[in-house]
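Shown next, in structure tokens, is the structure this report addresses.
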Amino acid sequence: MAQAPGAPVEAHPASGAAALAPEQLARLREKARFIRLETLRLIEIAKVGHYSSVFSCAEIFAALYYDVMRLRDGDPGWAGRDRFLMGKGHAAVGLFPVLADHGFFDKSLLDGYTRLGSPLGDHPDMTKVPGVDFSSGSIGHALSNGAGMALGGRLAGGDFDVFVMLGDGEMQEGQVWEAALFAAHHRLGRLVAIVDRNGYQLDGKVDDVMGVESLKDKWSSFGWQVHEVDGHDLAALAPLLRRLKADRTRAQPACVIARTVKGKGVSYMEKEPGWHLGYLAPEDARRAREEIMAREI
């Protein structure tokens with residue numbers, strides 16, 4: 001739960017596996033709406049961006065950063081924090097407002113998104129943006145680094161979990177599966193991979209470009225505990241992530257296959273995969289805002 005920047009309070013309301021109270025669910029839904037609206041605003045500054053890639057994972061961001069992960073607001077370098085890595089780094093425009101909301105950097109920096117001299121680019125840079133645990137750009141490296149963090153944390157006696165969000169097109173990368181083997185071999189039970197299974201990548205439908213199913217069977221055969229969930233259903237998603245975080249008996253790394261819709265929340269984006277990268281004309285932006293404000297995902 002976000003506190004004032006600099007407050008020495010741990011943001012970690014997810015203390016167990018209980019279902020969300022109505023007020024908690026309402027808050028997470030509002031945070032997902034906030035992420036979508038801020039994505040629209042920041043891309044208007046940049047004049048181009050990845051709308052639909054953020055919209056498919058807005059609920060994942062909300063569940064992790066406002067319910068599940070252990071963080072200290074205003075203290076992005078806290079050694080005991082949970083780590084988050086993003087394979088689909090082009091969704092960083094939706095993550096930056098969340099990091100600012102937690103007081104990791106001044107919110108005024110958002111107003112210069114992608115402008116000359118800004119630390120906030122199309123992909124996250126850990127050397128420039130407080131709260132970013134791993135730089136991404138070239139797809140396929142995040143799980144390897146997340147596995148390394150999880151193993152390093154164990155060797156150093158750390159007490160943190162590592163969450164890695166991957167795109168489903170990223171499942172076509174060989175390095176992902178090398179990392180999956182490594183994590184299972186080393187029994188990295190503090191590692192959770194979340195696959196944003198929205199069905200599309202830059203060049204079209206994922207399974208037309210290169211089929212990746214059955215993802216559940218693949219991850220299971222690589223030695224992972226596998227769960228499937230509607231990635232927009234916060235009443236199911238957040239409790240699942242809570243349970244995985246709370247489970248200290250699990251030796252296997254866990255994979256959550258989150259079934260999502262690319263462009264979720266804006267009807268004309270849900271029907272058109274071309275919105276992977278684009279820019280909204282003023283009238284389209286107005287329609288998008290109205291839909292996001294009116295719809296309950």
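On a predicted model such as this, the values are computed, not experimentally measured, just so you know. Below, each value reflects all heavy atoms present in this structure, side chains not excepted, and no hydrogens, waters or symmetry copies.
In this structure, the side chains of Leu143 and Glu170 stay at 4.5 Å or more apart for every pair of heavy atoms. For the pair Phe163/Val256, no side-chain contact is recorded, criterion being any heavy-atom separation below 4.5 Å from C-beta on. Looking at heavy atoms from C-beta onward, Leu237 lies out of side-chain contact with Leu28 at the 4.5 angstrom threshold. Residues Arg287 and Leu280 have side chains not in contact (no heavy-atom distance under 4.5 Å, counting atoms from C-beta outward). Contact of the Arg36 side chain with the Glu59 side chain is registered, since non-hydrogen atoms from C-beta on lie closer than 4.5 Å. Residues Val266 and Trp275 fail the side-chain proximity criterion, which asks for heavy atoms closer than 4.5 Å.
Arg81 and Asp133 are joined by a salt bridge, as a carboxylate oxygen and a charged side-chain nitrogen come within less than 4.0 angstrom of each other. Taking a cutoff of 4.0 Å between a charged side-chain nitrogen and a carboxylate oxygen, Arg242 and Asp161 do not qualify as a salt bridge. Ion pairing of Arg41 with Glu44 is absent here, as no side-chain N (NZ or NE/NH1/NH2) approaches a carboxylate O to less than 4.0 Å. Under 4.0 Å is where a charged nitrogen must lie from a carboxylate oxygen, and between Asp168 and Lys205 no such pair does.
Trp219 and Trp224 have perpendicular rings, their planes meeting at more than 60° on a 0 to 90° scale where under 30° would count as parallel. The aromatic rings of Phe61 and Tyr65 stand perpendicular to each other, their planes meeting at an angle above 60°, with 30° marking the opposite boundary. The aromatic rings of Trp177 and Phe222 lie tilted to each other, with the angle between the two planes from 30° to 60°.
A donor-acceptor pair shorter than 3.5 Å can be found between the side chains of Tyr66 and Asp101. Residues Glu291 and Ser267 have side chains that bring a donor and an acceptor to within less than 3.5 angstrom of each other.
A distance-only check finds a donor-acceptor pair linking the side chain of Arg33 to the backbone of Ile292 [under 3.5 Å]. In this structure a side-chain-to-backbone donor-acceptor pair under 3.5 Å is missing from Asp122 to Gly49.
Annotation: cation-pi geometry satisfied between Arg83 and Phe160 (NZ/CZ under 6.0 angstrom from ring centroid, within 45° of ring axis).
With hydrophobic clusters built from ILVMFWY side chains whose heavy atoms lie under 4.5 angstrom apart, Leu202 does not share a cluster with Val54.
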What do the steps show when you test Asp230 against Arg259 for salt bridge (charged side-chain N to carboxylate O under 4.0 Å, His left out), and what is the final call? CA-CA 5 Å; Asp230 180 338; Arg259 304 286 175 176; over 6 Å; no
Run the salt bridge (charged side-chain N to carboxylate O under 4.0 Å, His left out) test on Arg29 and Asp67 for me, step by step, so that the C-alpha distance in whole Å, both residues' side-chain angles and the decisive distance to 0.1 Å come before the verdict. CA-CA 11 Å; Arg29 286 173 173 163; Asp67 188 73; over 6 Å; no
For Arg286 and Glu290, run salt bridge (charged side-chain N to carboxylate O under 4.0 Å, His left out): C-alpha distance rounded to whole Å, both residues' side-chain angles, the deciding distance at 0.1 Å, then the answer. CA-CA 6 Å; Arg286 181 190 63 79; Glu290 289 177 352; 2.5 Å; yes
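Here the straight-line distance linking atom OG1 of Thr39 with atom NE2 of His50 works out to 12.0 Å at 0.5 Å rounding.
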